[in-house]
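Take a look at the structure set out below.
Just so it is clear, the structure is predicted and the values come from calculations on it, not from any experiment. Here is how names work: the chains are called A, B, and so on, in the same order as the sequence lines, proteins then strands, and each is numbered from 1.
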Amino acid sequence: MEAIITFKDVSKTYESGTHALHHISLHVDKGEFVFIVGPSGAGKSTLIKMLLREETPTKGTVLVNGYNLCTMKRRHIPAFRRTIGVVFQDFRLIPTMTVYENVAFAMQVTNVSTKYIRRRVPYILDLLGLAKKARSYPPEISGGEQQRVALARALVNNPALIIADEPTGNIDPELSYEIVELLNEINRCGTTIVMVTHEHGLVAQFDHRVIGIEKGRITLDRGGKQQ
Amino acid sequence: MEAIITFKDVSKTYESGTHALHHISLHVDKGEFVFIVGPSGAGKSTLIKMLLREETPTKGTVLVNGYNLCTMKRRHIPAFRRTIGVVFQDFRLIPTMTVYENVAFAMQVTNVSTKYIRRRVPYILDLLGLAKKARSYPPEISGGEQQRVALARALVNNPALIIADEPTGNIDPELSYEIVELLNEINRCGTTIVMVTHEHGLVAQFDHRVIGIEKGRITLDRGGKQQ
Amino acid sequence: MSLGSVKYLIGEGARNIRANRQMSIASIGVLVACMLLIGAAVLFSLNADAVMGYIESQNDVVVFVVDEADEEEAEGLGETLSAIENVSSVRYISRSEALEGQMERLGNSAYLMDALREDNPLPATYYVKVKDLEFLADTVAKIQALDLVLEVNSPTDMAATMVGIKKAVNLGGTAIVAILGAVSILIVSNTIKLTIFNRRREISIMKYVGATDSFIRFPFLVEGVIIGLCSALLAFGLLWVGYYYLMDWMSAATSSWLQLAYQHLIRFEDIAYRMLGGFCGAGAAFGVAGALFFVGRYLKV
Amino acid sequence: MSLGSVKYLIGEGARNIRANRQMSIASIGVLVACMLLIGAAVLFSLNADAVMGYIESQNDVVVFVVDEADEEEAEGLGETLSAIENVSSVRYISRSEALEGQMERLGNSAYLMDALREDNPLPATYYVKVKDLEFLADTVAKIQALDLVLEVNSPTDMAATMVGIKKAVNLGGTAIVAILGAVSILIVSNTIKLTIFNRRREISIMKYVGATDSFIRFPFLVEGVIIGLCSALLAFGLLWVGYYYLMDWMSAATSSWLQLAYQHLIRFEDIAYRMLGGFCGAGAAFGVAGALFFVGRYLKV
Ligand SMILES: Nc1ncnc2c1ncn2[C@@H]1O[C@H](COP(=O)(O)OP(=O)(O)OP(=O)(O)O)[C@@H](O)[C@H]1O
Ligand SMILES: Nc1ncnc2c1ncn2[C@@H]1O[C@H](COP(=O)(O)OP(=O)(O)OP(=O)(O)O)[C@@H](O)[C@H]1O
Ligand SMILES: [Mg+2]
Ligand SMILES: [Mg+2]
């Protein structure tokens, strides 16, 4: 199958001197659902940030969605990022925008019609149980609600690739299950999903590929039984 | 036993009109270990914020550590807060201070000797596996590391009451277990602990009192077998 | 960008002003303060220039006519004088008028000169006003070369002084406005920096969601231009009111000096359009500078 | 607070300047700009005052002595005049000196007055300088009342003008400094607001950890005072250098008017201490204002 994510011998050393990733090589095919697990500080978020070109590798090559992130021009980054939906570990909601505006913003940048935005955003918010919070500002909602807004923003554009860095860390187990079920549903329609999680329960319930990272190295790469 | 936390018929309605808590009455005795569980948006963080006087109840009375939080003078708040160690759901680390300084700051405000601070802070950081990150700034460390810094800050003053709002949401299960084990240890020495968590696994492993909150009401209050 | 996008982005700019109220108010305060300073300096230097011009025009070149000249010849000289390029006006004082003037000037001691009435030693005189004091020496030389001219007394020293003062006023005014301008740019750009620094996280989040640089900049531009134009109007209004109060106060002043100055002050209406234009331009530049120069550094994520 | 705490808090203040480099630089820029403006205005108005004072001192009251007075009597009058309160100096011109002076003033036309040599109609004269033109009328009345005084010609109109201009310069100078001061306070307080607004989250976190208001304020105070004092020194140095260059330029100027003005300008050293004091005071006030007024609103958590 066609690869949507390719890491070729990628290493990352932060300016502070921390070696976050060591010689990572990795393929994720179109349509896969990948869990990334590992202890705190292992380098999971660093890997995710690399996929978004928030960080660039110190060594090696990263290819995502057909873009070579190491050689791409700065002006092509926005177009590239629009092909991806991301849930950040620290949410990254804009505090001066309401929940609705935060989600709508991700659509506005893609140049779709206002009419479509007006229909799509409430639909997604409703899907994640946020309908009542549409007009609240991020600091006025609970941690779990904020996390779901971040998720809503990642889903709203129907991206080909969804990257989620612990999208259920602040959410109760029942809702977490529903959310992964939703992602599973989306995955079935062909969207590739990469999800970092600490919840072994979820990983066990959904039988997908699992990549384990420890101290910046891949220590586990187990395919799900669907493969 | 003596009560350290007392909620008397507390209701909270936010300015936005959200009824976050309805007629909550609650006692926590000195030396107890209490898990608070419940779905996202149930009002757990609101309850925690009330304990810290970050929010004041719309109706009812809150007594913590011998202070009546509804009638206390503004100038007594700092002294009151120093008797409590808190892990916030959103960490609340100061981004312009290093990890070390963030933890040391909580000690500086209590007026203890510099010598003691210099000994105590590295000890606590080491205990939480943060020794190597002491000189990093919060935006330069991983989510789980940030969460542990917040925990270190809560523990460093040996407070009589520790309040933790999802202190393990960003931490892998093994480390989470160790952290709750650590809190358990501290609890055995007489410290009262109130911990909000979504991880049913942890709640099951440590057999303590569990308070369940749903839609702003207490729906469950089950004593652990120690009681 | 589609029309929908542009509409959205303009709306965003307007919304941001409300969302960042504290910053908007602070920016407007700083901008108005700077514009007021510059506006006041411009008004002051234009007025000083006008008053100096008036004082300059009060200086006469004194031309003594030879005693031999009769009335007709003297008149002819007057016409010749008027024809000289740099001469703006000519006033004739006959010999007897000159004596009377002299006596008048002595005041109560005038009788001392009574003895001179019979044999008037004073010559007939032309008081000549020149257009531009800077070319006074030239003009005096031309007059001196004329027939019937006994003697030319020119206020060379006074002229040098006046030319000096006028140059100083011009130079000083320009310098003050330039310095205020430079200082204002420093202050305003620091304010813009602070305001945008405050929102660096917001900007980086937008980039991570896939916004292009111009998509992020445009609302900043709209916001800055709105704030700039509001400040321009506010500063213009305040300056107008302040100037009118000042004029009012001067017109009521008893000092003849202030009265004299008052009559030669420029009216606000005379420069209102240019000033409003300048303010609005500066205000708009505020928005452009903010969006183009200062947002840029936070876009590199 | 213990000594350890105070040391820690001072250290925090210094550290914050580095930690918030962007904001510190912006604040210093704004402060220096404002101080430069005010300092320049103060220097200008003090100098204008000094020059006006010199010009004022050039005005003479002319006292004509009666013809009957002999040399001795005239000298006596001089002493009496000097003794009058508001009189600063007295200069005597005898009758013959007066005539020669008159002739000199006529320049080449002096021969016109040759006839008067025999029967000099001009009186002996005292040129009296007064200390304060404002009380000129009083002084003139006193002189008029003296014996041997034939006539007093006083520059009443000139005096009124000079008094008017001096008042205007004083008033204008004070007004400019006051307005600049007010504008600066507006600008600086807006800058402080922005800087502290930027750190509202930090402040609230400190409160949640149990810091008292004063514990949070103290580092802001230290930080503000350090920034204020740095700005004061910077502004003072820049002003000093600038003033010296200006003086240098004026001393080299060929215009006699500028030369004259130059000789009566005040030296920077004469006001350096007061100005440095003022700047440092304003700088320190910056820190105090920031810590006391503007931090306050974010402490209420
Ligand atoms: N911006 C940065 N500068 C320097 N070091 C960093 C930076 N970000 C992360 N690190 C370090 O790199 C290592 C890997 O961090 P990363 O965020 O990838 O961990 P993680 O696997 O996501 O952990 P967690 O589960 O706690 O989120 C950690 O040691 C961290 O301290
Ligand atoms: N500052 C606020 N202003 C208005 N509404 C708020 C505010 N904070 C919380 N709420 C609302 O109050 C309700 C309870 O919020 P709370 O943060 O207590 O939930 P929680 O139990 O902590 O949820 P989570 O598990 O997601 O953190 C939610 O509906 C939330 O949207
Ligand atoms: Mg992470
Ligand atoms: Mg919560």
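- For Arg15(C), the part sitting under 4.5 Å from any heavy atom of chain A is the side chain, from C-beta outward, and nothing else.
- For Arg82(A) (side chain) and Gly210(C) (main-chain N/O), a donor-acceptor pair under 3.5 Å exists by modelled atom type.
- Between the side chains of Asn111(A) and Ser5(C), at least one donor N or O sits under 3.5 Å from an acceptor N or O.
- To the nearest 0.5 angstrom, Thr212(C) atom OG1 is 12.5 Å from His76(A) atom NE2.
- For the set Ile77(A), Ile94(A), Leu93(A), the count of heavy-atom pairs under 4.5 angstrom toward chain C peaks at Ile94(A).
- Proximity to chain C (any heavy atom under 4.5 Å) is shown, for Ile84(A), by neither the backbone nor the side chain.
- Comparing Ile205(C), Asn16(C), Asp213(C) by how many heavy-atom pairs each has under 4.5 Å with chain A, the most go to Ile205(C).
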Report, one line per pair, each donor and acceptor closer than 3.5 Å where one atom sits in a side chain of residues 169-176 of chain C; sequence neighbours left out.
{"from": "Thr174(C)", "atom 1": "OG1", "to": "Asn170(C)", "atom 2": "O", "distance (Å)": "2.6"}

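- The CD atom of Gln108(A) sits 7.5 Å away from atom CD of Glu12(C), with the distance rounded to the nearest 0.5 Å.
- Proximity to chain C (any heavy atom under 4.5 Å) is shown, for Tyr137(A), by neither the backbone nor the side chain.
- Taking chain C as the reference chain and counting heavy-atom pairs below 4.5 Å, the highest number among Arg53(A), Met97(A), Glu55(A) is found for Met97(A).
- Judged by the 6.0 Å and 45° rule, Arg81(A) forms no cation-pi pair with Tyr208(C).
- Closest approach of Thr96(A) to Asn20(C), counting heavy atoms only: CG2-OD1, 3.9 Å.
- Looking at Lys300(C), both its backbone and its side chain come within 4.5 Å of chain A, counting heavy atoms on both sides.
- Of the two parts of Tyr8(C), only the side chain, counted from C-beta on, holds a non-hydrogen atom closer than 4.5 Å to a non-hydrogen atom of chain A.
- Contacts of Arg201(C) with chain A are made by side-chain atoms alone, with heavy-atom separations under 4.5 Å and no backbone atom involved.
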List the atom pairs, with distances to 0.1 Å, where a side-chain N or O of residues 264-279 of chain C and a protein N or O form a donor-acceptor pair under 3.5 Å, not counting sequence neighbours.
{"from": "His264(C)", "atom 1": "ND1", "to": "Leu260(C)", "atom 2": "O", "distance (Å)": "3.0"}
{"from": "Arg267(C)", "atom 1": "NH2", "to": "Asp270(C)", "atom 2": "OD1", "distance (Å)": "3.0"}
{"from": "Glu269(C)", "atom 1": "OE1", "to": "Tyr244(C)", "atom 2": "OH", "distance (Å)": "3.4"}
{"from": "Glu269(C)", "atom 1": "OE2", "to": "Tyr244(C)", "atom 2": "OH", "distance (Å)": "2.6"}
{"from": "Arg274(C)", "atom 1": "NH2", "to": "Asp270(C)", "atom 2": "O", "distance (Å)": "3.4"}

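- Neither the backbone nor the side chain of Arg75(A) comes within contact range of chain C; no heavy atom of the residue lies under 4.5 Å from a heavy atom of that chain.
- Of all non-hydrogen atoms in Arg74(A) and Leu299(C), the two that sit nearest each other are NH1-O, 3.3 Å.
- Side-chain contact between Glu54(A) and Val301(C) is absent, with no heavy-atom pair separated by less than 4.5 Å.
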